[in-house]
Amino acid sequence: MAARDESARMHESSEETEGIVDLVLDHARGRILAKDIPLNKPLTAQELARSASGTITEDGIGAREALSVFERALAPACISVDHPQYLSFIPGAPTKAATAFDLAVSAANIYGGSWLEASGAAFAENEVLAFLAHEFGLPAEAGGAFVQGGTLGNLSALVAARDAAKRKSTTPERRRWRVVCSAEAHSSLLTAAKVMDVEITLAPTGADGKLTGQAVEQVLDQYGDEVFAVVTTAGSTNFGIVDDVASIARLRPAHDFWLHVDGAYGLSAMLVAERRELFRGVEQADSLTVDPHKWLFAPFDACALLYRDPRSARSAHAQDAEYLDTLDDTPGWNPADYAIHLTRRARGLPMWFSLASHGATAYRDAIARCLGLAREIAAEITARPHLSLVRDPELSVVVFRREGWTAADYAVWSDRLLADQIALVVPSSHQGAPVTRFAIVNPTTTREQLVAILDTMN
Ligand SMILES: *Cc1c(COP(=O)(O)O)cnc(C)c1O
């Protein structure tokens, strides 16, 4: 009896576990509500070994000590992606409501794969997916699932696309399948092609960086029905460029292909009425992806993957196993059936809670604010004699150069900004020339903060 009690010690509610839970929740509360979060910076493995090794022992070091190691040594070596001056790659900027609710999702330990186990969670996730589908102009039958990120979303969509093409093909055993996208498309598409063992053709973009129907048509004429999918990018990661989706969609039905829209970063801008025009054609997509962990204010990790016809995706993705049969017999929506996953976190719920709490208008306003700030800082860059825009920002990524600077100059400057804990703005390059960029998805980022960064480039 005593032995049994001892072995369940970690799992039972007691004075001890209550103390642990309080410690952790207090810590989390402090981080979520902190007014000035530190930017932080990477440390070397040697530095971390000095300050944080030896935590895994036979008898445990105790929750207080473990949390102290995290607060003292580990957390400072994790960059705050939600810091207003984190402006590199694509940042994240979760709302307080979304982050807090992520804790509630963890507390309930929801198995988000099936309707049998999580009908309530799947229902709420589907409410968010239906909202997004409507915003993007997809039909009411559209549906899908939240997956871990745009990479897995793109891969899952392309697997569904190839499966649909195989079902239609008279020679499905044919060896070569081909995806078309532009050279500006995200690296995850090259990864997807590699994983799927399919060819990928990078169609040329115009001087404006956009993929057009004309360029895609040339590839289609060359490769014919080898091409099973065309991927358009709705907001390229480097520049925020939105492909001319409508002109590509118009190539159908003369050419038969699955149209996927990779909107991991940029599709969020469709929530802003004045910018919808830029996205014409998205409503004709067979599948699309948008990452709430980028510009829809959810914590990591969440990509909304939507299919125009979810039944077709289901037949590509539903896993078949005797132990799962009972799930298929339960009527309802199994999120696991729509992507390459089975066990999954109900990762759409933080966005559901925040969107339900604050309403869509708050989201539209927050996205519009980022778009407005990008235009303002672009004008400021243009007005400065030593700085110039590489191109006018289409969304909220601003790419610019400092005249006379070499790649080494950018590197020194960028390292300094991070060392001084002012900002994370990393060097980038465009057509072989060094540049830098601001990616603005955080509504708390201010013009003054960005101007202060520009001032360090004099
Ligand atoms: C970020 C991004 C991806 C990859 O998304 P992850 O969530 O990082 O996997 C794919 N496509 C585009 C356009 C992106 O910006």
Side-chain angles (χ1 to χ4, degrees), residues 79 81-82 86-94 98 102 132 136 144-159 161 179-196 200 202-203 205 209-211 229-245 248 259-270 278-279 282 285 287-306 339-341 344-345 347-348 350-351 367 370-371 374 393-399 426 428 437-442:
I79 292 202
V81 175
D82 52 345
Y86 179 111
L87 298 156
S88 291
F89 316 109
I90 304 287
D102 206 36
L132 291 174
F136 303 144
F146 286 91
V147 299
Q148 170 254 323
T151 299
L152 194 65
N154 286 338
L155 175 61
S156 296
L158 288 175
V159 166
V179 184
V180 181
C181 62
S182 92
E184 300 282 334
H186 190 263
S187 51
S188 58
L189 296 163
L190 297 179
T191 300
K194 212 189 308 172
V195 171
M196 295 170 69
I200 188 160
L202 303 182
T205 61
K210 288 175 188 282
L211 185 63
V230 176
V231 179
T232 58
T233 305
S236 64
T237 320
N238 281 339
F239 278 99
I241 296 167
V242 181
D243 286 341
D244 182 356
V245 183
I248 294 162
L259 178 62
H260 176 67
V261 176
D262 176 7
Y265 149 64
L267 210 46
S268 306
M270 249 186 120
L278 199 54
F279 295 91
V282 165
S287 56
L288 58 81
T289 42
V290 62
D291 278 358
H293 66 216
K294 284 180 172 168
W295 205 6
L296 285 172
F297 316 127
F300 299 127
D301 45 25
C303 163
L305 164 63
L306 276 164
I340 303 156
H341 57 192
R344 63 179 287 279
R345 179 175 180 78
R347 57 168 59 79
M351 179 173 172
I367 296 163
C370 299
L371 289 163
E394 194 151 271
L395 297 176
S396 68
V397 179
V398 185
V399 185
V426 301
S428 183
R437 63 194 263 292
F438 291 156
I440 305 165
V441 301
N442 189 333

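Atoms within a ligand are numbered from 1 in the order they appear, just like the ligands themselves. Hydrogens, waters and symmetry mates are skipped; everything else that's a heavy atom, side chains included, is used. Quantities reported herein were computed from a predicted structural model and do not represent experimental measurements.
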For this session: List every atom of ligand 1 that sits less than 4.0 Å from any heavy atom of Tyr265, numbering the atoms from 1 in the order shown and giving each element.
Result: 15 (O)
Exercise. Out of Val147, Thr151, Thr233, who gets a non-hydrogen atom closest to atom 9 (O) of ligand 1?
Worked result: Thr151
Exercise. If you measure from each non-hydrogen atom of Asp301 to ligand 1, which part falls under 4.0 Å: side chain, backbone, both or neither?
Worked result: neither
For this session: Just need the protein heavy atom nearest to atom 4 (C) of ligand 1, so name the residue and atom and give the distance.
Result: His186 CE1, 3.3 Å
Problem set entry | Identified side-chain contact (heavy atoms from CB on, under 4.5 Å) partner of Phe438 from the options Val397, Val399, Leu87 | Leu87
For this session: Using a 4.0 Å heavy-atom cut-off, say whether Gln148 meets ligand 1 through its side chain, its backbone, both or neither.
Result: neither
For this session: May I ask you to decide whether Arg345 forms a salt bridge with Asp102, counting only side-chain N to carboxylate O separations under 4.0 Å?
Result: yes
Problem set entry | Check: Asp291 side chain, Gly150 main-chain N or O, donor-acceptor pair, under 3.5 Å | yes
For this session: For Thr289 and Gly153, indicate whether the former's side chain and the latter's backbone hold a donor-acceptor pair under 3.5 Å.
Result: no
Problem set entry | Residue pair Gln148 / Asp301, side-chain heavy-atom distance below 4.5 Å | yes
Exercise. Is there a donor-acceptor contact under 3.5 Å from the side chain of His293 to the main chain of Pro299?
Worked result: no
Exercise. Does a donor on one side chain sit under 3.5 Å from an acceptor on the other, for Asp262 and Thr233?
Worked result: no
Problem set entry | Numbering as shown, the atoms of ligand 1 that approach Ala264 to under 4.0 Å (heavy-atom distance) | 2 (C), 3 (C), 10 (C), 11 (N), 12 (C), 14 (C)
Exercise. Between the candidates Asp291, Thr237, Leu152, which shows the shortest non-hydrogen contact distance to atom 15 (O) of ligand 1?
Worked result: Thr237
Exercise. Do Ser236 and Tyr265 meet the criterion of a side-chain donor-acceptor pair at a distance under 3.5 Å?
Worked result: no
Exercise. Hey, which atoms in ligand 1 end up nearer than 4.0 Å to a heavy atom of Gly149?
Worked result: 7 (O), 9 (O)
Seminar exercise, completed: re atom 6 (P) of ligand 1, the protein heavy-atom contact at minimum distance is Gly150 N, 3.2 Å
Seminar exercise, completed: Counting from 1 in the order shown, the ligand 1 atoms closer than 4.0 Å to a non-hydrogen atom of His293 are 7 (O)
Seminar exercise, completed: Nearest non-hydrogen protein atom to atom 11 (N) of ligand 1, with distance, is Asp262 OD2, 2.6 Å
For this session: Taking the side chain as every heavy atom from C-beta outward, state whether Pro94 and Asp82 have any pair of such atoms under 4.5 Å apart.
Result: yes
Exercise. Of all the atoms in ligand 1, which lie at a distance below 4.0 Å from a heavy atom belonging to Lys294?
Worked result: 1 (C), 2 (C), 3 (C), 4 (C), 5 (O), 14 (C), 15 (O)
For this session: Report, in ascending order of atom number, the atoms of ligand 1 lying under 4.0 Å from any heavy atom of Ser188.
Result: 10 (C)
